[in-house]
Amino acid sequence: MTKIQGAILYALQIYFGENDLWCTFTWDKEHIPADEASADRDIANFIRKINYRQKKAGRENIKYLIIPVVDGAEHPHVHIIMTGQGINRD
């Protein structure tokens, strides 16, 4: 196991548990980001929207870990592990 893999595993064990969500998100063909900066901006906007809804519902911001798969991927996507308090998959 590399140092980065160990650090990710440690963060997962400390900050996340049974009721949290592991999600994979992708872009449709018309909205694939042109570069990594565009992908980062899309992801940041998505997290901002979730936290806005959390705040509106009187809950804390989510904790999250983002694993982007952009460079070298046939189709760019992102894995996000996030706290699941008050969030459902719909």
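Values below: all heavy atoms of this structure, side chains included; hydrogens, waters and symmetry mates excluded. Everything numeric in this text was worked out from a predicted model, so none of it was measured.
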Chemist: Do we see a donor-acceptor contact under 3.5 Å between the side chains of Asn45 and Arg48?
Modeler: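 There is such a pair between these side chains.
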Chemist: Out of curiosity, Arg59 CZ to Arg53 CZ, how far, rounded to the nearest 0.5 Å?
Modeler: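 Output value for this atom pair is 11.0 Å.
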Chemist: Pro33 and Asp42: which non-hydrogen atoms are nearest, and at how many Å?
Modeler: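 Residues Pro33 and Asp42, closest heavy atoms: CB-OD2, 4.4 Å.
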Chemist: Ile47 and Tyr52: same hydrophobic cluster, using ILVMFWY side-chain contacts below 4.5 Å?
Modeler: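 No: no chain of side-chain contacts under 4.5 Å links Ile47 to Tyr52.
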Chemist: Taking side-chain hydrogen bond (donor to acceptor under 3.5 Å, both in side chains) as the test, write out the residues that go with Glu30, two or more places apart.
Modeler: none
Chemist: How does the hydrophobic cluster around Met1 look, that is, which other residues are in it when side-chain heavy atoms under 4.5 Å mark a link?
Modeler: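 Joined to Met1, directly or through intermediates: Leu9.
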Chemist: Indicate the atoms forming the closest heavy-atom contact of Pro76 with Trp27, along with that distance.
Modeler: O-CE3, 3.4 Å
Chemist: Please check this pair: side chain of Asn51 against backbone of Ile62, looking for a donor-acceptor N/O pair closer than 3.5 Å.
Modeler: yes
Chemist: Can you give me the closest heavy-atom contact between Gln54 and Glu60, atom names plus distance?
Modeler: NE2-O, 3.2 Å
Chemist: Tell me, yes or no, whether the heavy-atom count around Asn19 atom CG, taken from other residues, nucleotides or ligands under 6.0 Å, exceeds 12.
Modeler: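 Atom CG in Asn19 is not crowded, with 12 or fewer foreign heavy atoms closer than 6.0 Å.
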Chemist: Could you list who else is in Tyr15's hydrophobic cluster, with ILVMFWY side chains joined at under 4.5 Å, directly or through other members?
Modeler: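 Via sub-4.5 Å side-chain contacts, Tyr15 links to Ile4, Ile8, Tyr10, Leu12, Ile14, Phe16, Trp22, Leu65, Ile67, Ile81.
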Chemist: Can you name the nearest heavy-atom pair linking Thr83 to Asp20, along with the distance?
Modeler: CA-OD1, 3.2 Å
Chemist: Is any side-chain heavy atom of Phe46 less than 4.5 Å from a side-chain heavy atom of Ile80?
Modeler: yes
Chemist: Distance check, rounded to the nearest 0.5 Å: Thr26 atom OG1 versus Ile32 atom CD1?
Modeler: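 One finds 7.0 Å between OG1 of Thr26 and CD1 of Ile32.
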